Structures are given as C-alpha cells and as structure tokens.
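Note that this is a predicted model, so its numbers are computed, not measured. Just so it is clear: chains get the letters A, B, ... in the order the sequence lines come, proteins before strands, and each one is counted from 1.
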Amino acid sequence: MASSTVKLDELISQEYKHGFFTSVETDTVPRGLSEDVIRLISAKKGEPDFLLEWRLKAYRHWLTMAEPHWATVHHPAIDYQDITYYSAPKSRQDGPKSLDEVDPELLRTYEKLGVPLEERALLAGVAVDAVFDSVSVATTFKDKLAGLGIIFCSFSEAVREHPELVRQYLGSVVPYTDNFFASLNSAVFSDGSFCYIPPGVRCPMELSTYFRINARNTGQFERTLIIADKGAYVSYLEGCTAPMRDENQLHAAVVELIALEDAQIKYATVQNWYPGDKEGHGGIYNFVTKRGDCRGANSKISWTQVETGSAITWKYPSVILQGDNAVGEFYSVALTNHYQQADTGTKMIHLGKNTRSTILSKGISAGHGSNAYRGLVKVAKSAVGARNYTQCDSLLLGDRCAAHTFPYIEVKNPTARVEHEASTSRIGEDQLFYCQSRGIAPEDAVSMIVSGFCKEVFKELPMEFAVEAQKLLGVSLEGSIG
Amino acid sequence: MLDIRNLHVSINDKPILRGIDLTVRAGEVHAIMGPNGSGKSTLAHVLAGHEGYTVTAGEVRYLGRNLLELSPELRAREGIFLAFQYPVEIPGVANIYLLKAAVNALRQHRGEPELDAVDFLALVKDKLKLMGMDTDLLYRSVNEGFSGGEKKRNEILQMAVLEPRLALLDETDSGLDIDALKVVAGGVNAMRSPERAMVLVTHYQRLLNYIVPDQVHVLAQGRIALSGGRELALELENRGYGWVEAAAGPAGGGA
C-alpha cells in the first residue's frame, strides 16, 4: 500500500499559499534588548512614566527567569539579543486618517490574502483595526462605536487617550511576572489592540484585527486588552497570515480579557502564520499567553481558535472563573503538518460557586507534525457546584505524525463534577478508497473528513470566520444541507 | 459492458487471481461464488480500483475503455459502484453529506448542474423509502454506530441514489438476517434494468433465491473453475465447493 501512502502525503503537503513579501519601509530599533532599548521604545511611543516603569520592572524580572522547556516542542536556542524589538512602517509617521491614506502596498498585501480591508469592513459590517507589524495603521467604524461609548483602538492610542483604563487593567490578568514570554512581552510590547465596552452596551458588530508579521527578523510582541464592563457584550475576531521567509521569528503576544458582572466576551482566532517549509526550516514561533478573567458574577468568556500556522505553537487560552455562576469555554482546532509542532490547550480555574466550563479540543496531525493537548481543570475549595466537561479528539493523517494528550485535573471541592473524554482516530486508506469509490476525489475526501472532525468547533465561530477557517483547512463545510 | 481477459492480480507479490476471463453484458446479473480465499472479493476490489492490488497481466475493458488506467473516483463517475462487504465508518461526516458530494461529483463529470438541496432531498427520501430506512439515518455519521444490517442497507441506498451502470456487490448478504436480506434483495431487484449490469459476489446460494442471476461462476484458486446457470448455485449448495476445487487443480498451478 506504499503508493497510497505517497498519495496521502502529496495531499497534505501543499505549500503555504500566502507566502509573499511586502516592501514597506520600516523604522527599526537596533537589534538586542537592554533597558536602553526599552526606554527608546517607550520614548518613541511617547508613553507615560507609569508604563515605562512597568516595562522596566517586567524586564528586570525577565532577566531572572529561564526559558521554559516543559512543552513537547523542540527548537534551536533563541538568541534574544539577535531580535529587533521595535519596527514601525515609516509611512505611518504622519498617521493616516483614513483608508485612503494607508500605504497602497499594505492594502495590496491584504488583497493578496483575499481580505480586502475596505470591502470586508463594509460588506461584513466588521470594524477592522489592522495591525501591520507593530503599529496599527487603519481603524474603521470608530465613530459608530464611539457613539455607543465603545473604545476600540490601537494599544498605543489607548495609552495616550485612556491611560487610566490601561493603568487599571493592564497586567491585572496576566501579570508581568507570569511567565518567561509574558514578561518579555510586558517589557517590549510594541502595540496591539484595546477594547472597552461600557456597562450595558452590546457591541453591535464583530470587532476584528488582522495581525501580520512583515519586517525581517522582527519579533512581534502584541498586547491586547479587552474589557467588558457590567452587562456588556463583545465578540472579537483575531486573524492573521504571514509572508514567506526562511528565518525563525518569535511571536510572544499577550491577550488579557476582563469580563465584569453579567458581561460576555467571545474571542475567536484564526491563526495561519508561516509554518516553515516542508523540511521544517523557518516558520514562526508562536509563544502566546492568552487569559480571560470572569471577574464578575454571571460573566462568560469563550475562546475559539483555529490554529493552522506557525512552526511552533505554544498557547493555552485560559479562563479564571472568579464570579459565581461564571462560564468559561474553549473550542479549538489545531492542525500540524510537515514538521510543525503544537502544544496547546487551556486552563479553567474554578474559584466561584456554580462556575461551569467546557473544553472541546480537536487536534489534527499530518506529515511529521506533532500535536499536544495540554489542559488544566482546577476546582478550588471555594468553587461549590463547579462543573467541567472536557473532550479531546485527535485525528492522524499518515503514520509519521504524533498526537499527545495531557489532561491535568485538580479538584479541591467534593461537590464538583468533572468529565473528560478523549479519542484518537486516523484518516485511513480505507476511508479514502470508500469515498473514491463513490466518485469523490481523494483531496475532497480528506477535506470532507477533516471538516467533519472539526464541525463542532466551527459551529462556534462567527459566520465570516467560519468561512476563513474553511478556506484555511481547504474544506467544504458540512451542514450546508438538511 | 465489462470484458475481463486473462486477469492476473497479486497482493504483496502473492498471486490471488490467476487468469480470469469474464464477459458481462448490459442487463445481466452475474453471481461470482467460491470458497473463502478464492479471490472473489479481490476481483470486486480490483474492478473498483483499489490500489492495494497489483495487476500483473491481462486487461479489463469497460464500455470499450481500458478500465485499469482509471482512478477509482473516475471509475465511479463512469458508472461503476462497489457495495462494500465491510462499509467504512467516517466519523463526523453526515451520511447525507457524503451522498450529496458523490451525486454532485457524478453529475459534474457528466456535465450536469449540481442538484439543489430540495431536489436532492426529494431524491434521497424516495430511495430511503424503498430501503425501509429512517430519515434520521441520513444525518448520522457515515456508517458510525450502524448495525450490520443498516450498513448493508446504506450501501444499497447509495447505489439506488447513484444509479450505476455496473454494480459490484461484495458479500452484500453476509451478516444479514432473513428479513434484512429480503429488503436488500428487493432494493437490488428494483434496480435491475436492461441498461444496468450487476456482479454479485457471494459465498452462499441463499442470496440467489432472492436475486436470481443469469449466470453463476465458481472461483477456485484464482480462476473461474466452472460457469453455469442458476442451477449451478443450487448444486453447490448441495455438494459444497470441494469438488470444484479438486477439479480446478492444486493451488500454485501455472497460469
């Protein structure tokens, strides 16, 4: 059956289609990291003292830490002095006031990705805060949102315009001491997105940010902070894809979500960064800290992620369930192909009474890909009546890939109910032949099977994102009939 | 319609078929019988294009074309259908979704527009009734958690929806109780037509009580040892396969 194994390999080894390079001038700080570099970044951005102090504290703490190696991923040592910690497109210096003023080269980049910014914004009713490298260059629908009291802007702008909110919430979910990469991010973060929904306001549109890494050898350190005040609702979409390159790039973002009483935040990600070539060279290192805090009673935070890119993915979007009756959800599809590695999962920390959490993780491994689910469900003594349901499914394509599941469960309250289910299956030659014998081409059969496997997670994505996820996995989604 | 000449097939260098000659015309129903390991299922799989087998000699013409150079999906689109002995489970993929993808792949091949959801559903529900199946079976994952009988019915349902020109039924009767056997046979009989040919692969004569074949062939040691009419099947039931095998000569005999 060797011939059919080869065929399966061909199907899963299609090269990254979004590989290209945009020649936008950039304004770059010299390589390496020191207090001087941090001061320079802070000064370039005209930050208030409290933020510079915070960065420096983070940096000093980071110096005492060691790079973690407990994940089931392998990579050559990262030289943190060989990274450029700040780069901004030069054309930004005068600050574009509208899309017309945005570098046309940049707009073409988005078009190549099949995401025309203006069309997308208009047709889909999505407000787009486009992050190109480290600085936001275009923000739309701002006025409409402002009318509702919603603040949706770049992180730098939030620092300038709303320093009190930044000061109050920054680091309150992910402290600068949290972990090696979060500390690094806290010291050097360049920009990101900020969102505040005032009490009782339901954000009328999906908020969306397109991240893109584009400057050579520039680590990207995004910082996202989303606050839903009492009774507020927001759905936030993050998506990205990056140009082809041959050097490893470090991406260490931090995302903090805060949901106060009765508030709800839905955060969806489609991540398609350059995964490296077929031999495993190049590709993005995606070491991200994402955490939400259900701070108030009856609050809810949902993470949905579709991870298909990056050479290495290391991330655990988590929820701290502080408020009574708070709900945390994590829906994930992670696909690894060629030599990609993913160690991803979630943490659900139950503190409040009757808190509930759901974890649904779908890992797909192909080629030499390695996929690990790592999840922690922790029920504190105080969490009377807490409930968790976890389901982890792995799908294997071919016979050289790997899937691992590491569930950690800590329960300190006897009234808690925690369920865990796991399964591993494989797309077999027999399944492909069965589909072929019904007239279906093998590549369509693979798409169909993968899509079926991911169905439950895709259901959780907003419509337009589900379409992108579908594109990304090269699948035709199920559920179109019946 | 189907013309097999001196077909030799091996799997991992082990010869399974050692020179099959068989002609099937439109409108005919042929039964391939034989003891276990005689190569019946291999023949069905080779005709459907399974890549685990190597054709070492001979040729197969289908509607005047060289069948062996076609991929399995092209064979299906050209009207060949294999009802599996062991239908494969595909978790997460709804039965109806597979059916729709198959129907549209065939229609596209014929240059016809895709069926819309309403027409498609009407078509499927019609065939569903024929097979005495519940609608909810359409929305379950392909063959997952199906009983043996449900799986076999599902195969015939697919056949009824796809309307092949040449249907290959591999041990469709195995694992069926008598009631299920009648339903499946009824579905198959309803599809008999002057334009369509069928090849039934079966170990037992029982199925042939319900689907009466035009010709019966007995496979032994990778060759057709004996051909005849309906009565050959009955004789096999009485006498077993031993005498045919003895007549066919020792295994490993030259081709």
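Heavy-atom distances place the side chain of B:L162, and not its backbone, under 4.5 Å from chain A. Using a 4.5 Å cut-off between heavy atoms, B:E78 makes no contact with chain A at all. If you measure heavy-atom distances from B:L98 to chain A, the contacts under 4.5 Å come from both the backbone and the side chain. Contacts of A:S437 with chain B are made by both backbone and side-chain atoms, with heavy-atom separations under 4.5 Å. Heavy-atom distances place no part of B:P164 under 4.5 Å from chain A, backbone and side chain included.
Under the 3.5 Å distance criterion, the side-chain polar atoms of B:R196 are matched with a main-chain donor or acceptor of B:M191. The main-chain N or O of B:L68 is found under 3.5 Å from a side-chain atom of B:N66 such that the two form a donor-acceptor pair.
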>> Pair A:K266, A:E329 - check salt bridge (Lys or Arg N to Asp or Glu O under 4.0 Å), show working.
In response: CA-CA 9 Å; A:K266 292 175 84 163; A:E329 293 174 335; over 6 Å; no
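A ring-centre distance under 6.0 Å is not found for A:Y316 and A:Y373. Checked against the 6.0 Å centroid threshold, A:W303 and A:Y267 count as a close aromatic pair.
Ion pairing between B:E171 and B:K40 holds under the 4.0 Å rule for side-chain N and carboxylate O.
Note on B:P91, B:A101, B:S141, B:A105: by heavy-atom pairs under 4.5 Å with chain A, the leading option is B:A101. The residue among B:I90, B:V103, B:N104 with the most heavy atom pairs within less than 4.5 Å of chain A is B:I90.
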